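Here the structure is a predicted model, which is why all the values come from computation and not from measurement.
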Amino acid sequence: GSPSLSANITIQIIISDVNDNSPRFAESSYNIYVMENNAPGASIFTVTATDPDLEQNSYVSYAFLENQVKNLPVSTYLTINSMNGTIYALRSFDYENLKNFQIHVQARDAGVSPLSSSATVNVIILDQNDNAPAIVSPS
């Protein structure tokens, strides 16, 4: 028509994030080496998982999945900081009694329907020369 009419309007569209990504570890398994006679309470390793979602959906917490080490819960040997994935030894390891063990760490996001993934951590105890030689008489 004449005169031509037009109008402009700005529409703001806000797209909200859905929790569609689970946390991901850089590796599916890790090997960590701990010298025997370590100091109890010392940090021995840190696992890290990332989640590309936004806000609450990207917040990751860490926990051990139920594991047994020599018929004892993993929690008698190790603890994990749920906020940053740092693993601490709760006891001093003795190579002559325990050479290695395996644990599973879960990373879980804080979404309304939480998603998770896990990684395997192989703990290898390294030997020290901490035992005096014993003389054994021939038989």
Side-chain angles (χ1 to χ4, degrees):
S2 181
S4 62
L5 302 174
S6 66
N8 291 326
I9 186 168
T10 301
I11 300 174
Q12 183 177 6
I13 300 173
I14 299 172
I15 300 172
S16 54
D17 183 43
V18 294
N19 193 23
D20 58 347
N21 293 291
S22 59
R24 297 208 176 166
F25 288 95
E27 304 288 332
S28 60
S29 69
Y30 299 90
N31 291 331
I32 62 173
Y33 300 89
V34 180
M35 189 65 69
E36 74 171 326
N37 303 315
N38 57 297
S43 163
I44 60 171
F45 194 68
T46 300
V47 292
T48 304
T50 56
D51 190 321
D53 286 317
L54 300 175
E55 298 174 356
Q56 163 180 331
N57 296 332
S58 70
Y59 300 150
V60 177
S61 62
Y62 302 90
F64 292 134
L65 294 174
E66 270 310 307
N67 284 71
Q68 296 278 314
V69 178
K70 291 193 116 183
N71 298 319
L72 292 172
V74 69
S75 59
T76 62
Y77 291 89
L78 303 171
T79 189
I80 189 166
N81 182 314
S82 64
M83 301 301 287
N84 64 23
T86 301
I87 299 171
Y88 298 91
L90 292 177
R91 57 173 60 185
S92 182
F93 297 116
D94 180 12
Y95 176 84
E96 287 72 29
N97 290 321
L98 182 64
K99 293 178 177 41
N100 58 66
F101 59 95
Q102 188 175 83
I103 58 173
H104 301 281
V105 177
Q106 180 184 65
R108 182 179 172 130
D109 66 28
V112 173
S113 295
L115 300 173
S116 64
S117 65
S118 64
T120 301
V121 177
N122 298 301
V123 181
I124 298 128
I125 312 302
L126 300 175
D127 194 18
Q128 282 186 329
N129 188 11
D130 61 347
N131 293 306
I135 298 174
V136 179
S137 60
S139 41

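- Across every non-hydrogen atom of F101 and I125, the tightest pair is CE2-CD1, 4.4 Å.
- Side-chain contact between S116 and D109 is absent, with no heavy atoms from C-beta onward closer than 4.5 Å.
- A search for side-chain hydrogen bond (donor to acceptor under 3.5 Å, both in side chains) contacts involving D94 returns N97, not counting sequence neighbours.
- Scanning both residues, F64 and I103, for their nearest heavy atoms gives CE2-CD1, 3.5 Å.
- Checking H104 against T120 by side-chain atom types alone, a donor-acceptor pair falls below 3.5 Å.
- The backbone N or O of Q102 sits nowhere less than 3.5 Å from a side-chain atom of N122 that would complete a donor-acceptor pair.
- Side-chain atoms of N19 and D17, non-hydrogen and from C-beta on, never get closer than 4.5 Å to each other.
- When the shell of 6.0 Å around CD of E55 is examined, it contains 12 or fewer heavy atoms from other residues, nucleotides or ligands.
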Item to check | Criterion side chain to side chain contact (heavy atoms under 4.5 Å, CB included) on I13 and I15, from CA distance to verdict | outcome: CA-CA 6 Å; I13 300 173; I15 300 172; 4.2 Å; yes
Checklist entry - Where do N21 and L115 land on the side chain to side chain contact (heavy atoms under 4.5 Å, CB included) test, with the steps shown first? => result CA-CA 7 Å; N21 293 291; L115 300 173; 5.6 Å; no
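- Here S75 contributes atom OG and L90 contributes atom CG; the two are 8.0 Å apart, rounded to the nearest 0.5 Å.
- Residues D51 and N57 bring no donor and acceptor atom of their side chains to less than 3.5 Å of each other.
- Contact of the N31 side chain with the I124 side chain is registered, since non-hydrogen atoms from C-beta on lie closer than 4.5 Å.
- By the rule that hydrophobic residues join a cluster once side-chain heavy atoms approach within less than 4.5 Å of another member, I14 and V18 end up as members of separate clusters.
- For the ring-ring contact (aromatic ring centres under 6.0 Å, His included) condition, the pairs that include at least one residue of residues 9-32, sequence neighbours left out, are Y30-F45.
- For E66, there are no side-chain hydrogen bond (donor to acceptor under 3.5 Å, both in side chains) partners at least two apart in sequence or on another chain.
- Under the rule for a ring pair (Phe, Tyr, Trp, His ring centres under 6.0 Å), Y62 has no partner lying at least two apart in sequence or in another chain.
- The two residues P23 and S117 come nearest to each other via the heavy atoms O-OG, 2.6 Å.
- Side-chain atoms of V105 and L65, non-hydrogen and from C-beta on, never get closer than 4.5 Å to each other.
- At least one side-chain heavy atom of D53 sits under 4.5 Å from a side-chain heavy atom of D20.
- When side chains are defined from C-beta on, V74 does not count as touching Q68, because their heavy atoms never get closer than 4.5 Å.
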Side chains of residues 32-44: which donor-acceptor pairs under 3.5 Å do they make with residues two or more places apart or in other chains?
| from | atom 1 | to | atom 2 | distance (Å) |
| --- | --- | --- | --- | --- |
| E36 | OE1 | Y95 | N | 2.8 |
| E36 | OE2 | Q128 | N | 2.7 |
| N37 | ND2 | Q128 | OE1 | 2.8 |
| N37 | ND2 | D130 | OD2 | 2.9 |
| N38 | OD1 | F93 | N | 2.8 |
| N38 | ND2 | R91 | O | 3.3 |

List the atom pairs, with distances to 0.1 Å, where a side-chain N or O of residues 80-89 and a protein N or O form a donor-acceptor pair under 3.5 Å, not counting sequence neighbours.
| from | atom 1 | to | atom 2 | distance (Å) |
| --- | --- | --- | --- | --- |
| N81 | OD1 | M83 | N | 2.8 |
| N81 | OD1 | N84 | N | 3.2 |
| N84 | OD1 | T86 | N | 2.9 |
| N84 | OD1 | T86 | OG1 | 3.0 |
| T86 | OG1 | T46 | OG1 | 3.1 |

